[in-house]
Every structure is written in C-alpha cells, then in structure tokens.
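Have a look at the structure below before the remarks.
All of these numbers come straight from a predicted model, not from anything done at the bench. We name chains A, B, ... by the order of the sequence lines, and we start the count at 1 in each one.
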Amino acid sequence: MLDIKLLRANFDEVKERLAKRGEDLSELDKFVGLDEKRRELIAKVEVLKAERNEVSQKVAEMKRNKENADDTIARMREVGDEIKTLDEQLHQVEEDLNYVIMRIPNIPHESVPVGDSEDDNVEVRTWGEKPEFAFEPKPHWEIGTDLNLLDFERAAKVTGSRFVFYRGLGARLERALISFMLDLHSEEHGYEEMLPPYLVNRTSLTGTGQLPKFEEDAFLVEEEDYFLIPTSEVPVTNYYRDEILDGAQLPVAFTAYSTNFRSEAGSAGRDTRGLIRQHQFNKVELVRFVKPEESYDELEKLTGHAEKVLRLLGLPYRVLKMCTADLGFTAAKKYDLEVWIPTQDTYREISSCSNFEDFQARRAGIRFRREQGAKPEFVHTLNGSGLAVGRTVAAILENFQQEDGSVVIPEVLRPYMGGKEIIR
RNA sequence: GGGGAAGUACUCAAGUGGCUCAAGAGGCGCCCCUGCUAAGGGCGUAGGUCGCGAAAGCGGCGCGAGGGUUCGAAUCCCUCCUUCUCCGCCA
C-alpha cells in the first residue's frame with residue numbers, strides 16, 4: 001500500500017513511475033475523486049459531531065438542573081439523522097477508496113531497470129563452473145525415480161498432479177538441506193530461527209500483499225477462512241503486524257523453514273515434470289525488519305546470505321536484477337538467484353530477494369520508534385528464499401550426477417546425510 | 001463441539017446511560033529533599049490515527065472488533081474475535 005499523502009501530493013509523478021511496470025492503471029484515476037470526496041465528507045460530519053458532543057453536555061446539565069430539554073433534544077435528533085446519513089456515505093467512499101489503494105502495486109526503486117518483460121532483467125553476476133558431461137545427462141526426475149528418491153506416480157494416485165513422495169535418501173536429502181540452510185543462517189548470518197503456522201487468516205495475507213488481488217493463487221480452507229501459506233514470508237512478516245518495535249532492536253532477522261502451498265493457477269502446462277513447480281514444496285525463508293535508510297544495504301546483505309547457500313553447495317548460479325515489468329506486486333526492488341539446470345540448458349529461479357520498503361509495513365501496520373517518545377515510523381521489510389529446497393534437490397541431482405547414474409553429495413551436506421558421500 | 005467467566009491506556013484496576021469527553025495504583029519521565037544510598041515529597045504521563053491549518057492550534061475517533069438503540073454509550077442490545085475455565089473428543 002502506498003502512502004496516501006504521497007499519492008495525493010504527487011499523483012502524476014507516482015502514476016508515471018508506476019506506469020513503468022506496464023500494468024493496467026485504469027483504477028488508479030479514481031483515486032483523486034474518491035480522496036477529495038472522502039475529505040469533504042469528513043469535514044462535514046465532524047462539524048456536526050462536534051456540535052452533538054457540545055449540546056449533549058448541555059442537555060446533561062439541563063437535566064441535572066431539572067430544566068426542560070425537549071426542544072434541544074428534538075433539534076439534536078435531526079442532527080443525529082444527518083450524521084448517520086453522512087457516515088454511511090463516508091463508509092461507502094472509504095470502501096471504494098480502499099478497493100483502489102489495495103490494488104496499486106509498489107513503486108519501483110530508481111535503481112530498477114525499466115523493461116517490458118523478463119527479457120529485460122539484468123544479469124548482475126554469475127558464479128561457479130557449469131558441469132561438463134562426457135555422457136548424456138538425465139533430468140532430475142529420471143535420476144530421482146531411478147535411484148528411488150522420488151515417486152511422482154504414486155503421489156498422483158494419492159493426491160493429484162504436482163505432488164511428490166520423497167523416499168529414502170531422497171527424503172533424507174531434503175531434510176539435510178533444510179537443516180543445513182537453517183544452521184547456516186542462524187549460526188553464521190545472525191538470523192533467529194522460527195517455525196511458523198502454515199495456515200493464516202485473510203488479514204495476514206492482505207498484510208503481505210497476496211490479497212486482495214491474488215486470491216486464486218492460494219489454497220483456502222473455506223470453513224475457517226484460513227489460507228495455506230504460499231511462503232513463510234506471510235506468517236513471519238505478519239508476526240509483528242500492528243505493533244510498534246523498539247528502533248534499538250532493528251534490524252530484526254528471522255529465518256523460517258516451512259512447507260508452502262500454491263495453486264499454480266495460470267501455470268498449467270509449465271514445468272509439469274519434476275520438482276520445479278509443485279503445489280507443495282519446502283522453503284527456508286529469510287525475513288528482515290529494518291530501518292528505512294538501511295534497507296537497500298540490507299537487500300544486498302540478504303541476497304548475499306542466499307547466495308552463500310549455493311556457493312557452499314557448489315551449485316553454479318547467476319544473479320538477476322529484475323526489471324520494472326518483472327518485480328511482482330509488492331517489491332520496490334528484487335534480485336532473483338537462478339541455479340544452473342544442465343538438462344534444460346538454462347538457469348532456473350531458486351530464490352527471490354526483495355525490498356518492499358514500507359509497502360508491506362504500511363498494510364500490516366509494522367512500525368518502530370527511533371527512541372522512546374519518538375513518533376512511530378514504518379519499518380522496511382525484506383525477504384528472500386534461502387533457498388527453495390525442492391529446486392535445490394533438483395539442481396543437486398542434475399549437476400552432480402555421474403555416468404553410472406549415481407549422485408555425489410556436496411561435502412557440506414555429508415554430516416547431515418550420515419556421512420554418506422554418494423547416492424547410488 | 002457444549003456450558004460458564006472475562007477482555008478498559010505501558011501494567012494492574014474502578015466504573016450498570018449524562019459534572020467519567022475513563023477514577024485510583026504501579027511503572028516511567030522531570031523536579032525537590034536528603035553528603036551517597038534507602039526512604040520521602042511535588043509535577044507530568046492516551047498513545048495513536050484522521051480532517052482543517054503555513055504554523056501555533058482546533059476538531060473527529062478510541063474502553064477487544066463491527067453494527068444497533070439513544071439527544072447522549074465503557075455502561076443497554078446484536079454479531080464476531082481472543083483469553084481463561086469445566087465437560088466431551090483427540091496426537
């Protein structure tokens with residue numbers, strides 16, 4: 001959510017910056033009229049309410065003095081009716097205004113490249129050596145199935161498409177990665193580990209920006225009106241919803257493992273095989289609450305923390321700076337980490353690291369005081385995957401496969417795999 | 001799932017329709033007193049948000065949330081949420 005005062009004062013400039021995203025902004029034009037109407041109604045109704053407060057005191061006094069207040073009461077009855085009418089109009093206008101502002105995306109940061117599509121994302125750096133195979137490498141779903149690590153067929157029977165069973169060392173590998181990532185971030189990078197709820201309410205999803213625009217992307221438990229989390233960003237960021245933090249505590253950093261659930265509405269036919277696009281997947285997330293002036297340094301730091309995982313695993317990757325068209329609804333700036341997937345001869349997204357500035361904080365009411373008694377300010381929130389675990393498994397299977405069909409386990413994972421060096 | 005009880009400011013807490021547009025206490029802040037400490041005394045303490053305003057300031061809202069009744073609601077009514085508790089079920 002944008003600052004309504006900023007929008008009011010610099011409407012044309014904000015609109016121009018939003019236009020770089022290439023999204024439909026037709027709703028935005030309603031803002032000016034609704035905002036004016038709202039303030040007009042407030043001014044009117046507040047005068048009447050002030051009168052009502054004052055006269056009510058007078059009536060109380062008259063009653064105490066046993067005077068007759070019938071005329072005054074009759075007059076105030078009319079004022080009361082008028083207040084009621086105006087309040088109803090005001091509520092309607094505020095609802096309309098809210099509809100508009102909750103659907104306006106974040107303003108791209110000035111350092112974000114302007115672009116029309118994902119083709120305009122900018123490669124910032126690459127790391128690692130792509131593997132050279134003296135044989136025909138197999139896609140990860142074949143390796144996983146051949147080595148009895150993954151079972152897609154039975155998952156389709158038990159649940160449906162885009163689900164998977166992990167078995168044996170496959171399950172162990174997933175668990176090893178989760179532990180490795182959590183340990184790295186909590187012990188080396190200074191994050192506090194958190195294990196959040198996997199179901200959240202509507203207010204939380206609105207706070208982080210998934211609602212109201214993207215309801216069809218999430219799974220809903222209708223009876224309770226709870227949603228399965230699409231990422232632990234949602235519960236972890238909303239942890240401090242409607243709170244005022246002590247500025248001395250900032251930055252606050254959490255790392256959270258969770259299973260994530262996505263309906264993948266609109267991606268039918270894409271990545272239908274393998275671990276890349278499942279309805280249910282594991283992810284270790286990084287979330288930071290920071291002071292506004294530090295958030296862009298913090299974004300670089302956080303991105304580095306996610307990269308560190310790939311470097312320690314020895315997986316080749318690149319970092320992309322996302323262009324205005326590919327930022328997503330909530331981010332002001334975003335880096336994607338993409339890991340090398342040999343059989344697709346391309347890099348695939350394995351992490352997104354974003355600075356939301358105060359966009360989420362404003363929606364979720366997350367503020368801080370610089371010092372005791374200071375006026376509350378919105379924090380800046382950031383998050384990034386550190387990393388998507390299923391995709392990491394896919395990358396490990398493909399990049400470290402051997403001619404005999406076995407897979408070499410990255411050294412850093414071996415302590416988590418009972419000392420095993422190879423999966424065969 | 002069923003029955004009870006409760007949600008008031010940083011904390012505790014009084015308050016059953018109008019001098020409560022929230023008493024009191026603790027805590028916190030400032031000050032006084034005391035050589036220091038302890039103890040004591042005085043003053044302050046609703047934060048936040050919205051509107052108008054260049055500002056000073058003025059006004060609206062606020063007792064879990066949202067509605068309703070009323071000239072007037074912390075107080076009465078309805079719906080919902082949360083916590084505690086008893087019963088039932090349960091890993």
Side-chain angles (χ1 to χ4, degrees), chain A residues 1-11 31-102 195-207 211-212 220-227 235 238-249 259 358 361-379:
Chain A
M1 182 173 136
L2 301 182
D3 180 358
I4 208 166
K5 285 175 183 156
L6 176 84
L7 203 51
R8 189 184 293 156
N10 306 303
F11 184 78
F31 170 82
V32 178
L34 287 168
D35 180 54
E36 273 169 21
K37 184 74 187 166
R38 170 174 172 270
R39 284 182 291 153
E40 185 190 313
L41 285 167
I42 286 173
K44 260 194 212 169
V45 79
E46 286 192 352
V47 169
L48 294 177
K49 283 181 177 175
E51 185 187 352
R52 180 176 69 183
N53 287 343
E54 200 182 322
V55 176
S56 290
Q57 284 306 107
K58 240 179 257 168
V59 171
E61 211 173 304
M62 289 164 88
K63 294 256 176 185
R64 252 180 273 119
N65 297 336
K66 307 268 191 267
E67 292 170 34
N68 185 309
D70 289 354
D71 291 349
T72 314
I73 287 173
R75 189 160 59 81
M76 288 320 289
R77 189 171 294 148
E78 282 172 37
V79 172
D81 288 345
E82 208 174 331
I83 288 173
K84 197 170 173 180
T85 309
L86 289 170
D87 261 342
E88 278 165 15
Q89 289 175 26
L90 181 59
H91 282 142
Q92 185 58 50
V93 168
E94 287 189 327
E95 202 176 293
D96 295 347
L97 187 62
N98 199 45
Y99 184 95
V100 173
I101 60 174
M102 291 308 273
L195 187 61
Y198 292 3
L199 291 170
V200 295
N201 58 36
R202 200 169 272 277
T203 311
S204 293
L205 273 160
T206 308
L211 294 183
L220 170 66
V221 180
E222 280 186 357
E223 296 71 26
E224 308 282 347
D225 206 36
Y226 288 162
F227 292 85
N238 278 281
Y239 183 73
Y240 285 130
R241 172 151 50 79
D242 295 324
E243 294 193 30
I244 300 174
L245 308 178
D246 175 2
Q249 297 174 333
T259 305
D358 65 7
R362 201 175 284 281
R363 289 176 160 242
I366 306 168
R367 296 178 291 174
F368 77 103
R369 279 185 228 275
R370 287 188 188 272
E371 56 219 50
Q372 217 188 349
K375 211 172 139 57
E377 302 170 51
F378 288 109
V379 300

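For G40(B), the paired base is C32(B) (Watson-Crick or G-U wobble, both distances below 3.5 Å). When Watson-Crick and G-U wobble pairs are counted only if both distances are under 3.5 Å, G1(B) pairs with C87(B). In a base pair of the Watson-Crick type (N1 to N3 plus N6-O4 or O6-N4) or a G-U wobble (N1-O2 and O6-N3), with each distance short of 3.5 Å, C10(B) is matched with G26(B). In a base pair of the Watson-Crick type (N1 to N3 plus N6-O4 or O6-N4) or a G-U wobble (N1-O2 and O6-N3), with each distance short of 3.5 Å, C19(B) is matched with no nucleotide. Figure legend. G57(B) is base-paired to C52(B); pairs are counted as Watson-Crick or G-U wobble with both atom distances under 3.5 Å. Remark: U69(B) base-pairs with no nucleotide; criterion is Watson-Crick or G-U wobble with both hydrogen-bond distances under 3.5 Å.
Separating the P atom of U83(B) from that of C28(B) is a span of 31 Å, rounded to the nearest Å. A distance of about 25 Å separates the P atoms of A65(B) and C71(B), rounded to the whole Å. Rounded to whole Å, the separation between the C1' atoms of U82(B) and G27(B) comes to 26 Å. The same atom, P, is picked in U8(B) and in U75(B); the two are 14 Å apart, to the nearest Å. Taking atom C1' on both nucleotides, G7(B) is separated from A74(B) by 12 Å, rounded to a whole Å. Between A39(B) and G26(B), the two P atoms lie 13 Å apart (nearest whole Å). G67(B) and G59(B) are spaced 25 Å apart, taking the P atom of each and rounding to whole Å. For the P atom pair drawn from A9(B) and G48(B), the interatomic distance equals 15 Å after rounding to whole Å.
Scanning both residues, P212(A) and M102(A), for their nearest heavy atoms gives CD-O, 3.8 Å. Heavy-atom minimum distance, D35(A) versus L97(A): N-CD1, 4.0 Å. Of all heavy-atom pairs between N68(A) and M62(A), the closest is O-CE, 3.4 Å.
The side chain to side chain donor-acceptor pair (under 3.5 Å) check on D71(A) picks up nothing, with sequence neighbours excluded. With sequence neighbours excluded, no residue forms a side chain to side chain donor-acceptor pair (under 3.5 Å) with S56(A). The side chain to side chain donor-acceptor pair (under 3.5 Å) test applied to R77(A) returns no partner, not counting sequence neighbours. The side chain to side chain donor-acceptor pair (under 3.5 Å) test applied to K37(A) returns no partner, not counting sequence neighbours. The ring-ring contact (aromatic ring centres under 6.0 Å, His included) check on F31(A) picks up nothing, with sequence neighbours excluded. With sequence neighbours left out, D3(A) forms a salt bridge (Lys or Arg N to Asp or Glu O under 4.0 Å) with R362(A). The ring-ring contact (aromatic ring centres under 6.0 Å, His included) search around F378(A) returns none, not counting sequence neighbours. Listed by chain and number, the residues in a salt bridge (Lys or Arg N to Asp or Glu O under 4.0 Å) with E36(A) amount to none (sequence neighbours excluded).
Of the residues in residues 51-65 of chain A, those with a non-hydrogen atom less than 4.0 angstrom from any atom of RNA chain B are R52(A), N53(A), S56(A), V59(A), A60(A), K63(A), R64(A). Listed in residue order, the members of residues 92-101 of chain A having a heavy atom less than 4.0 Å from RNA chain B come to none.
Applying the salt bridge (charged side-chain N to carboxylate O under 4.0 Å, His left out) definition to pairs two or more places apart or across chains, those involving residues 87-96 of chain A are R38(A)-E94(A), K49(A)-D87(A).
A salt bridge links R75(A) with E51(A): the closest approach of a Lys/Arg side-chain nitrogen to an acidic carboxylate oxygen falls below 4.0 angstrom.
For RNA chain B, the contact window with chain A, defined by any atom under 4.0 Å from a protein heavy atom, covers G18(B) to G72(B) in 5' to 3' order.
Between I73(A) and A374(A), the one whose closest nucleotide on RNA chain B sits nearer the 5' end is A374(A). Mapping K84(A) and A43(A) onto RNA chain B via the closest heavy atom, the residue that lands nearer the 5' end is A43(A).
Here R8(A) lies in heavy-atom contact (under 4.0 Å) with sugar-phosphate atoms only. Counting any heavy atom pair closer than 4.0 Å across all strands shown, R38(A) reaches sugar-phosphate atoms only and no base atom.
Anti is the classification of G44(B), since its glycosidic angle lies more than 90° from 0.
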